[in-house]
Amino acid sequence: MSTSEMMVIESELDSPHIARGLEIYWLTVMGMNIRVGIRRGSNRGKPLLLLNGIGASLEVLETFINAMGDTEVIIFDMPGAGKSDTPILPWLMRQYARLTSKVLDQLGYDIVDVLGLSWGGALAQQFARQYPQRCRRLVLCATGSGSSMFPGRPRTLLKMMSPRRYLDKKYMSRIAGDLYGGRMRKDASLVEQHASKVQAPSNRGYYYQVLALATWSSLHWLHKIVSPTLIIHGLDDPIIPPVNARIMASRIPDAELWLMDCGHLFMLTMADVIAPEIMSFLR
């Protein structure tokens, strides 16, 4: 990675919820400033690229990154989320995948393992299909196949259509249980912890991500994914019902399915449980 491609490292004190050892960089990619985090690890195995949920900044996955032992981790704020710039016009999912590939190019990574959460799981599927030579192993968490998937309840999806929960933390606390399910239903401390980490996305960036997912589907090409795949899904997921995980597992060759007694945000609420299993799969 040349110095002309990377701006100054941001102080870890910039956010109280930056994961331990996470170095923050600014890259200029496809004409936008993109905030990237790298947690250096051992040379064993491939680095793990994390693709976050809709509108979420890299701080949200602090607990999970800390739980991933000596695995090298790469994560970035998607355009319009966190502190990254917002595109002028809406993007298709393949454009987000192209940006992801260019981020890896600038950082000097060739082949990576890829983990996608929720919206990021859709992008992870697209990346694995679009750049199969760069994706060694694939982990899909709490995600589906896009516009072709079985949807959650309408009142739940309506809450997802707006970034209001990122802008109003009291609103987030009020709806988190019904929206995310699992431990968020009963443990107010988990809700408060999550709300304290989120950073408001730009409205335009959030709606662009909604539009990209609404106009995308992987169902017709899931059988062409060549990366060994682990699918993890919560049985109490109000946003993406677990039937979607079963369908994806039946369509992706060499896929493993792990259904858990949890909600949509198990990567946050059960990081200590799932991180060792993910590391075992990747290694």
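Being a predicted model, the structure only gives us computed values, none of them experimental.
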Can you tell me if [atom1] on [X] sees more than 12 non-hydrogen neighbours from other groups inside 6.0 Å?
X	atom1	value
L158	CG	yes
R283	CZ	yes
R185	CZ	yes

Item to complete: Spell out, yes or no, whether I274 and L235 are grouped together once hydrophobic residues are joined by side-chain heavy atoms under 4.5 Å, including indirect joins.
Response: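 Both belong to a single hydrophobic cluster.
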Closer than 3.5 angstrom, by distance alone: can the side chain of [X] be matched with the main-chain N or O of [Y] as a donor-acceptor pair?
X	Y	value
Y166	S202	no
R204	P87	yes
H194	T269	no

Discussion item. As a test of understanding, state which of S227, S218, S145 forms a side-chain hydrogen bond (donor to acceptor under 3.5 Å, both in side chains) with Q125.
Written reply: S218
Item to complete: Give, for atom CD of Q199 and atom CD of E59, the distance between the pair rounded to the nearest 0.5 Å.
Response: 4.0 Å
Worksheet item: Would you call V114 and V112 a side-chain contact if the rule is heavy atoms closer than 4.5 Å?
Response: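 Contact flag for V114/V112 side chains = yes.
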Item to complete: For the pair Y109 and E72, evaluate side chain to side chain donor-acceptor pair (under 3.5 Å) and give the outcome as yes or no after the intermediate values.
Response: CA-CA 11 Å; Y109 293 101; E72 184 150 331; 2.5 Å; yes
Item to complete: Taking only Lys NZ, Arg NE, NH1 and NH2, and the carboxylate oxygens of Asp or Glu, determine whether R35 and D77 approach each other closer than 4.0 Å.
Response: yes
Discussion item. Salt bridge or not between D105 and R134? Use side-chain N to carboxylate O under 4.0 Å.
Written reply: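 Yes, charged N to carboxylate O under 4.0 Å.
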Worksheet item: Can we call the ring centroids of W258 and F281 under 6.0 Å apart?
Response: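 No: the rings miss the under 6.0 Å criterion.
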Fill in: S147: partners by side-chain hydrogen bond (donor to acceptor under 3.5 Å, both in side chains), with sequence neighbours left out
none
Item to complete: Anything under 30° is parallel, anything over 60° is perpendicular, the rest tilted; go ahead and classify H264 against Y180.
Response: parallel
